[in-house]
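Just so it is clear, the model here is predicted, and its values are computed rather than measured. Below, chains carry the letters A, B, ... as their sequence lines are ordered, and counting in each starts from 1.
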2 protein chains.
Amino acid sequence: MATEVFDKQKTIDLRKKYIGPSCKVFFNHDPIKIIRARGQYMYSEKDEQYLDCINNVAHVGHSHPEVVSAGTKQMELLNTNSRFLHDNLVHYAQRLQATLPEKLSVCYFVNSGSEANDLALRLAWQHTGHKDIITLDNAYHGHVSSLIDISPYKFHQLGQTEQSQHVHVAPSPDIYRGKFREDHPDPATAYADEVRDIIEKAHAKGHKIAAFIAESLQSCGGQVIPPVGYFQKVAHHVRNVGGVFIADEVQVGFGRVGSHFWAFQLQGDDFVPDIVTMGKPIGNGHPMSCVVTTREVAESFMSSGMEYFNTFGGNPVSCAIGMAVLDVIEKEDLQGNALRVGKYLMELLEKLKEKHPLIGDTRGCGLFVGVDLVKDRLKRTPATAEAQDVIYRLKDQKILLSADGPHRNVLKFKPPMCFSREDADLAVGKIDHILTGTHSRAKYSL
Amino acid sequence: MATEVFDKQKTIDLRKKYIGPSCKVFFNHDPIKIIRARGQYMYSEKDEQYLDCINNVAHVGHSHPEVVSAGTKQMELLNTNSRFLHDNLVHYAQRLQATLPEKLSVCYFVNSGSEANDLALRLAWQHTGHKDIITLDNAYHGHVSSLIDISPYKFHQLGQTEQSQHVHVAPSPDIYRGKFREDHPDPATAYADEVRDIIEKAHAKGHKIAAFIAESLQSCGGQVIPPVGYFQKVAHHVRNVGGVFIADEVQVGFGRVGSHFWAFQLQGDDFVPDIVTMGKPIGNGHPMSCVVTTREVAESFMSSGMEYFNTFGGNPVSCAIGMAVLDVIEKEDLQGNALRVGKYLMELLEKLKEKHPLIGDTRGCGLFVGVDLVKDRLKRTPATAEAQDVIYRLKDQKILLSADGPHRNVLKFKPPMCFSREDADLAVGKIDHILTGTHSRAKYSL
């Protein structure tokens with residue numbers, strides 16, 4: 001069984017000494033030490049059980065035995081690079097492709113969502129011969145330098161506002177807090193027209209668009225669900241000028257949205273991106289990810305003459321684990337569970353909204369759910385401190401939830417996909433209790 | 001046991017269908033299918049045994065049971081991100097730091113050598129406030145876009161010669177084939193003066209140097225061992241203008257050079273880089289890597305206000321595996337083995353050089369060894385086709401070796417660290433046999 005090497009204070013001290021201070025912990029005031037986890041539950045060094053509502057990486061449940069077993073068996077046999085032929089690589093690619101529209105047929109296996117998005121940019125640059133990227137406001141696409149450039153969520157944190165001249169930021173298609181709201185007759189067209197205007201302005205300066213990139217649902221950006229039809233219209237404008245559409249599914253893919261396996265499919269069958277990037281849930285915690293694109297884009301990339309080699313990407317262990325994750329999603333009907341439990345969770349939260357004026361909006365698809373806290377429902381003023389307070393109080397109640405978005409006021413549910421109705425009842429019940437008493441208590445400072 | 005899902009031709013066909021065509025296999029004429037491996041041996045689908053002289057990732061030997069066991073045990077317990085406190089993270093950081101000079105004390109755990117080198121650039125940019133990078137000719141530092149920019153090995157493959165104006169290429173300190181050779185009285189100073197000149201020219205144009213980056217020994221660049229003192233002199237010039245020195249140990253670290261744990265230590269105790277990046281061997285195939293830097297650089301990075309979060313980096317499984325690799329290196333004295341067997345291998349190759357005029361140079365440190373094949377010893381004309389011929393003939397003899405360098409004429413030994421004297425005898429014996437008959441046989445085309 002799990003035991004501690006150091007007591008908690010020693011762990012904190014060693015972390016201060018040896019780990020980069022830019023790497024933050026959850027609950028900075030009193031971080032949690034977790035030593036084991038199973039399903040949707042995590043356990044502290046004191047064996048306290050926490051309900052995990054935030055780990056979208058542990059997609060099929062923490063330490064799922066089938067995934068562990070697949071990894072172990074393959075590690076015992078072989079773990080090497082993809083310059084040798086191996087069945088796992090091609091078998092997994094075949095299975096992953098089967099979840100996607102036919103046109104998206106060529107895979108590149110890499111190690112993280114960041115590597116995937118960086119490769120997506122390289123594919124777009126090479127295929128189009130253009131340089132400029134259009135990204136959404138508040139977007140986060142990863143931590144490597146090329147992605148910081150296209151991640152307003154990150155580069156807004158910098159004092160300087162040194163934005164690359166090849167990056168254009170379009171408004172987030174957020175119909176609750178954005179430029180065009182739920183009362184607009186056609187927000188999909190209105191937001192897409194903003195992208196068209198950006199393209200025209202860029203062209204006027206002699207710039208050319210390589211790609212539009214967006215998460216199929218914005219996550220860190222505040223759990224934003226774009227209006228249906230928006231992606232089709234954006235893709236039309238972008239392809240018109242020779243650019244490609246990159247759908248970032250790193251946080252939201254693999255059945256989380258319940259009704260579909262991929263979140264971009266929420267836009268309708270008539271929408272197919274040119275490039276899809278995957279990440280977090282793909283290996284249930286194992287470091288792996290994938291980029292899938294069209295034959296056409298892949299051929300352009302090859303035509304540069306530059307080989308692509310990724311040391312760890314597509315190794316037999318990662319592929320075995322990836323296949324086990326697909327197996328478990330299917331066998332345990334986790335996509336169906338996400339649909340059913342997600343719907344139930346939304347109903348509970350809707351009721352909560354009727355009761356508590358602090359809740360301005362609830363929005364969700366499957367087990368991707370956001371609760372937008374506001375100080376004033378009319379002005380929609382973000383209730384940032386209140387959201388942090390709720391998060392800390394939930395933690396005291398052994399519920400792990402987080403708050404995100406540009407104002408850090410959106411409570412974010414993205415639990416392991418085995419999350420149950422009982423878990424939803426428990427979490428929402430605790431939130432209800434906290435919100436009921438929230439005005440009479442002292443707040444945590446940030 | 002390992003079994004095939006598809007026959008070899010089917011595997012090849014599926015690979016053509018589903019895997020990016022830029023991802024190449026070894027031995028394109030007749031690639032190898034490997035289904036299991038142990039120690040320094042790999043086995044085909046027909047159970048043919050290959051001696052592996054090239055997989056520097058399988059550092060402590062393929063599928064080492066202690067490493068597999070450590071990974072399995074931790075996967076069963078917990079695999080989550082570093083926002084929760086965990087002993088493995090800090091314990092591993094502490095142990096890794098203990099192998100390094102005291103000044104290099106702050107770790108960032110990431111997923112690949114590419115992520116590590118990209119982060120090193122971000123650290124350098126933020127710490128210095130400068131933008132320009134000096135890299136070596138023929139260098140390879142990774143596949144993400146920022147690293148293609150500083151990898152002449154890669155960007156020379158592009159038709160266009162679109163080089164970033166912030167990147168400066170210094171001559172590779174190659175005393176066999178470079179600008180200053182073994183007959184030069186002081187090649188270390190001469191090569192370092194080239195870097196000084198680059199700095200002066202950049203300054204004249206108003207540019208400022210953020211970092212000099214080099215592999216401690218150039219690998220893909222042709223197994224180049226820089227003259228002792230070169231790094232000290234370069235570091236002096238670079239630090240003089242506010243830049244930092246990044247030592248890339250992705251290919252060459254973790255005891256491979258035999259006499260030291262890190263290859264930069266070959267330069268002497270008076271040399272300490274500002275940033276060290278790790279990769280390939282660190283997890284014996286598990287996707288992980290690390291950047292280590294000084295407290296000073298780490299504090300500068302934090303002062304930007306931008307958090308650094310890496311979803312998979314530093315997870316408890318990766319850290320458990322990393323610790324097991326350190327354990328095995330120590331328990332099995334693999335660094336000592338690299339020193340002893342490397343020395344023996346060099347002696348065998350020296351004798352081979354006396355016998356075969358095709359061998360122009362042999363060079364090595366521990367189990368990092370290069371054999372430079374030339375058509376003409378005086379002119380040192382690279383024997384590219386001959387090197388490919390040797391590689392293919394060795395493959396027929398069930399020996400896996402590769403040829404690299406800008407001219408692809410350098411036979412490259414970088415075997416798992418359990419490589420034995422008997423393995424060295426076998427491989428060199430086969431090379432001897434091939435070279436003895438090489439002039440009377442038809443060549444493979446490239």
Task: Basic-acidic side-chain contact under 4.0 Å: B/D87, A/K33 - done: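 Here B/D87 pairs with A/K33 in a salt bridge, since their nearest N and O are under 4.0 Å apart.
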Let's test your reading of the structure: which of [options] forms the most heavy-atom pairs below 4.5 Å with chain A?
{"options": "B/V67, B/T72, B/V57", "answer": "B/T72"}
{"options": "B/R15, B/E45, B/K73", "answer": "B/R15"}
{"options": "B/G314, B/A93, B/S145", "answer": "B/S145"}
{"options": "B/G279, B/S44, B/S105, B/S146", "answer": "B/S105"}
{"options": "B/S82, B/P65, B/G71, B/S69", "answer": "B/S82"}

- [ ] Flag the one option from A/Q97, A/Q94, A/H62 with the top tally of heavy-atom pairs under 4.5 Å to chain B.
- [x]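 Answer, by heavy-atom pair count under 4.5 Å with chain B: A/Q94.
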Would you mind checking which part of [X] comes under 4.5 Å of any heavy atom in chain B, side chain (CB onward), backbone (N, CA, C, O), both or neither?
{"X": "A/T293", "result": "neither"}
{"X": "A/M288", "result": "backbone"}
{"X": "A/Y43", "result": "neither"}
{"X": "A/E76", "result": "both"}
{"X": "A/T80", "result": "side chain"}
{"X": "A/Y50", "result": "neither"}
{"X": "A/L400", "result": "side chain"}

Side-chain donor/acceptor of [X] to backbone N/O of [Y], under 3.5 Å:
{"X": "A/K8", "Y": "B/L85", "answer": "no"}
{"X": "A/N111", "Y": "B/P287", "answer": "no"}
{"X": "A/K280", "Y": "B/F312", "answer": "no"}
{"X": "B/R122", "Y": "A/H143", "answer": "yes"}

Task: Intermediate values then yes/no, side-chain contact (heavy atoms from CB on, under 4.5 Å), B/S22 and A/M302 - done: CA-CA 5 Å; B/S22 308; A/M302 190 185 63; 3.7 Å; yes
Which region of [X], side chain (C-beta onward) or backbone (N, CA, C, O), has a non-hydrogen atom less than 4.5 Å from a non-hydrogen atom of chain A, or is it both or neither?
{"X": "B/L96", "answer": "neither"}
{"X": "B/N315", "answer": "side chain"}
{"X": "B/V317", "answer": "neither"}
{"X": "B/Y92", "answer": "neither"}
{"X": "B/A58", "answer": "neither"}
{"X": "B/L119", "answer": "neither"}
{"X": "B/K17", "answer": "backbone"}
{"X": "B/F109", "answer": "side chain"}
{"X": "B/S303", "answer": "neither"}

Task: Polar side chain donor-acceptor pair, B/S112 to A/E115, under 3.5 angstrom - done: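 Their side chains do contain a donor-acceptor pair, which is all the 3.5 Å distance test asks for.
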Task: Donor-acceptor pair between A/H286 and B/N79 side chains, under 3.5 angstrom - done: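 The criterion, which ignores hydrogens and geometry beyond distance, is not satisfied for B/N79 and A/H286.
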Task: Verdict with reasoning, B/Q74 to A/R36, per side-chain contact (heavy atoms from CB on, under 4.5 Å) - done: CA-CA 9 Å; B/Q74 188 57 52; A/R36 66 184 178 92; over 6 Å; no
Open item on the list: For B/E102, I'd like to know if atom CD has over 12 heavy atoms of other residues, nucleotides or ligands within 6.0 Å.
Closed with: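 No, the 6.0 Å shell around CD holds no more than 12 heavy atoms from other groups.
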Open item on the list: For the CD atom on B/E296, are there more than 12 heavy atoms of other groups (residues, nucleotides or ligands in this structure) within a distance under 6.0 Å?
Closed with: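 Count not over threshold, so no.
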Atom [atom1] in [X], atom [atom2] in [Y]: separation rounded to 0.5 Å?
{"X": "A/D118", "Y": "B/D118", "atom1": "CG", "atom2": "CG", "answer": "7.5 Å"}
{"X": "B/C23", "Y": "A/N310", "atom1": "SG", "atom2": "CG", "answer": "8.5 Å"}
{"X": "B/Y140", "Y": "A/F309", "atom1": "OH", "atom2": "CZ", "answer": "7.5 Å"}
{"X": "A/Y308", "Y": "B/K154", "atom1": "OH", "atom2": "NZ", "answer": "9.0 Å"}

Less than 4.5 Å apart, side chain to side chain, heavy atoms only: is that true for [X] and [Y]?
{"X": "A/R295", "Y": "B/P21", "value": "yes"}
{"X": "B/M42", "Y": "A/F84", "value": "yes"}
{"X": "A/P31", "Y": "B/R83", "value": "no"}
{"X": "A/H86", "Y": "B/I34", "value": "no"}

Task: Derivation and outcome, side-chain contact (heavy atoms from CB on, under 4.5 Å), residues A/N81 and B/N55 - done: CA-CA 9 Å; A/N81 66 63; B/N55 272 291; 3.5 Å; yes
Open item on the list: Does B/I19 form a side-chain contact (heavy atoms from CB on, under 4.5 Å) with A/L89? I'd like the steps, not just the answer.
Closed with: CA-CA 8 Å; B/I19 303 297; A/L89 176 72; 3.8 Å; yes
Task: Close aromatic pair by centroid cut-off 6.0 Å: B/H91 and A/F6 - done: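 Yes, close enough.
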